[in-house]
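Here is the structure we will look at.
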There are 2 protein chains.
Amino acid sequence: MVRPTMEDVALRAGVSRALVSLVMRNSPKVSEARRTAVLKAAEELGYSPHAMARSLASRTSTVLGVMVSDLHNAFFAEVVDGIDEVAREQGFDVIINTGGRSPARERRALESLLSFRPAGLILLSPVVPATAIGKAAEQLPIVLVARSSRVSTVDTINDDGEQGARLAVDHLVSLGHKRIAHLDGGEGTQAGPRRRGYVAAMEAHGLVPQVVSSEYTDAAGARAIRSLIESDALPTAILSCNDFNAVGAISALEDAGLRVPHDVSVVGYDNTSLAALRHVSLTTIDQPRAEFGRLAAEALLQRVREERTEPVRHLLNPSLVVRNTTAPPGGPR
Amino acid sequence: MVRPTMEDVALRAGVSRALVSLVMRNSPKVSEARRTAVLKAAEELGYSPHAMARSLASRTSTVLGVMVSDLHNAFFAEVVDGIDEVAREQGFDVIINTGGRSPARERRALESLLSFRPAGLILLSPVVPATAIGKAAEQLPIVLVARSSRVSTVDTINDDGEQGARLAVDHLVSLGHKRIAHLDGGEGTQAGPRRRGYVAAMEAHGLVPQVVSSEYTDAAGARAIRSLIESDALPTAILSCNDFNAVGAISALEDAGLRVPHDVSVVGYDNTSLAALRHVSLTTIDQPRAEFGRLAAEALLQRVREERTEPVRHLLNPSLVVRNTTAPPGGPR
DNA sequence: TCTATTGGTTGGAGCGCTCTAATGCTGTAG
DNA sequence: CTACAGCATTAGAGCGCTCCAACCAATAGA
């Protein structure tokens, strides 16, 4: 259980510790002969550099910390893919930590991540208060994904939720729907823009918005539908705040003997892998998730390399993915 | 961007660095007066200890590394929840890293994790070769989840796949099914035990096993069903290798005009959140995922604290979760 | 021939912390 | 009044590494 140190490698290769250090960092100013000797010794000993000692000594870090608010949501997995790709390309390591959607746990996760003194932090849809983020931002560069911020030292990557909601409404209207309700995401991140986009798009079409309060879950979507049915206010189309909500809505509709999309059309939001399942086949709004990750990592690395001090505010364009849960009112099936 | 050090706190509190160190570690041998003075100074400066320097100096670590082979799979998220819970309880931090189901990326992830010299490592369903795991196990304690190993320094946590498959078959037989096919997980981890359990259970009931080669995905499940239909070999019940496969199977059955469970019953495996969605409502085999995580963390911490050197081989009991995709042959709906 | 210059190499200080052994300081016993 | 605990406190070495300045050929320029 004892790992060899640089000293051991140096001894075995018959060189100084400093030379080993240079080889490990791929310095060009090492003769080929010594380089191979050192690499051979390292290989034989099974040596690999101690990242912490390195970062302590160099007062720099090649680690990017990522806080994922909810590991259960596959949305974030794809963002992480994008981050990973760019980070690896540029020689950075990624460590992940999760906040479990609880501000307290998230705060602890943040602390933990900070204690590694990473080069920078990417927070995926964090729920901690803005002040906590601001405080952390005094210590290192921070990029926020799927959450906005006014702090000038913080970069943000978001999708244009208003536009996404508009795409959905336009699609439904073009199918001939007039009564379209929005199952609202309440306090959830990005729920605001989506709601605003929905309302604006409805009004632009001269239609009456119908916002039903709900949440980002399966069960909440079902509940909202049941309340609509009870109050006899069921429209011909539903725009859910996200895919889970939409799937819950669909199952409540089916339980009530209604057919989707024949009786009611449903549109989700996020294009999670769930939506793509043939069995679900949900019409939804896609966000370029991996692109979120790539842009986040790039923005962060620019700050890390001090190439930029101005904040960046990316607003990516979502797109409509038409599957089998939307049709003209009273249409197929 | 400059964080205060212990020295700064010591200076401000008018004590030595060593004393600050003691306070930070909650040592009992510090007078109340000095303790409060130090804490006050630390608070004022916004000081928090540098985890890396600490671990370097103490030659110990309070970090547990977790390698998740596939972040997209919510199965692992719940295991991580269990790990997190136990680790936090015992004052350990968790850092996560992902291998994206590719041996090369996973290897890199492993390297990266090792470079932090964590106290131990938990690998969730890794796909790296056993030799790589054995090598890492020489350096620190390792626990494997959802993958077995013969290395005596490695602990393993698995579900009893044979028993799970048996539960599923027993359930289907008790409903009256005689022709039950298994959509096999091929090379996937745990596919072997599930297949063996299925075959053994079928034979125990005096029935003829029918193993159809497939994979752990939605699309593969659908493909397998189509091939069964084409070759006119469709049974009255299907035991899929996992939930995704089962959902794919269901959608292919429905596309073919068959009703689930009226015409064909389908059982999944894993009880992912997908299966619980009301819209899917899949009968499946549940694995105690959070329990996997808890046991993994506990096993690891026992090794870390050198309380045990004998390997532990946990084999957890899966359980049957009956939902709406199984019924007697030609039964309801 | 002597001094610059260059490219490879090295010793040693120091990153922020922990840990051991030693120190000072009471208070009590001899 | 000395001796000796017992306790709180501290100096200093050292964890594994990087980085700087110094060093040492070997070559180039004068």
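It should be emphasised that the depicted structure is a prediction, and the values quoted were computed from it without experimental measurement. Every chain is numbered from 1 and lettered A, B, ... according to where its sequence line falls, protein lines coming before strand lines.
Across D/dC19, D/dT10, C/dT10, the shortest atom-to-atom separation from the side chain of A/Ser58 is found for D/dC19. Closest approach to the A/Ser21 side chain among C/dG16, C/dT18, D/dT18 is made by D/dT18 (side chain taken as heavy atoms from C-beta onward). Nearest to the side chain of B/Ser31, among D/dT9, C/dC17, D/dT10, sits D/dT9. Nearest to the side-chain atoms of B/Pro49 among the listed nucleotides D/dT18, D/dT9, C/dC17 stands C/dC17. Listed nucleotides D/dG16, C/dT18, D/dT10 differ in distance to B/Met6; the shortest reach to its side chain belongs to C/dT18. The side chain of B/Arg25 lies closest to C/dT18 when the candidates are C/dT18, D/dC17, C/dC17. Relative to the side chain of B/Ser16, the nucleotides C/dC15, D/dA11, C/dT9 differ in distance, and D/dA11 lies closest.
Nearer the 5' end of DNA chain D, as judged by each residue's closest nucleotide, is the contact made by B/Val30, out of B/Val30 and A/His50. Place A/Tyr47 and B/Pro28 on DNA chain D by their nearest nucleotides, and B/Pro28 ends up nearer the 5' end. Looking at which nucleotide of DNA chain C each of A/Lys29 and A/Ala18 is closest to, the 5′-most match is held by A/Lys29.
The distance from atom CE of B/Met52 to atom P of C/dT18 is 15 Å, rounded to the nearest whole Å. Atom CD in B/Glu32 sits roughly 15 Å away from atom C1' in D/dC7 (whole-Å rounding). At whole-Å resolution of the value, CZ in B/Arg59 and C1' in D/dA13 are 10 Å apart. In this structure, the CG atom of A/Leu56 is 9 Å from the C1' atom of C/dG14, given to the nearest Å. Summarising the geometry, the separation between CG on A/Leu19 and P on D/dG16 is reported as 20 Å, rounded to the nearest angstrom. Counting to the nearest Å, the P atom of C/dG11 and the CG atom of A/Leu22 are 13 Å from each other. Atom CD in A/Glu7 sits about 9 Å away from atom P in D/dC15, given to the nearest Å. Between the CE atom of B/Met24 and the C1' atom of C/dC17 there is a distance of 12 Å, given to the nearest Å.
At a cut-off of 3.5 Å, with distance as the only test, a side-chain donor of B/Arg313 or B/Thr156 sits close to an acceptor on the other residue. Defined by atom type and a distance below 3.5 Å, a donor-acceptor pair is present between the side-chain atoms of A/Ser48 and A/Arg3. No hydrogens or angles considered: a donor-acceptor pair under 3.5 Å links the side chains of A/Ser21 and A/Arg25.
When the options B/Arg308, B/Gln302, B/His314 are evaluated for a side-chain hydrogen bond (donor to acceptor under 3.5 Å, both in side chains) with B/Asp155, the one that passes is B/Arg308.
Ion pair A/Lys40/A/Glu44 flagged as a salt bridge, since at least one NZ, NE, NH1 or NH2 atom sits closer than 4.0 Å to an Asp/Glu carboxylate oxygen. A salt bridge links B/Arg108 with A/Asp93: the closest approach of a Lys/Arg side-chain nitrogen to an acidic carboxylate oxygen falls below 4.0 angstrom.
Side-chain atoms of B/Arg17 and base atoms of C/dT18 include a donor and an acceptor less than 3.5 Å apart.
At C/dT9, one or more side-chain N or O atoms of A/Arg34 fall inside 4.0 Å of OP1 or OP2 (strictly under the cut-off). Between B/Arg54 and C/dG16, a side-chain N or O to OP1/OP2 separation shorter than 4.0 Å is absent.
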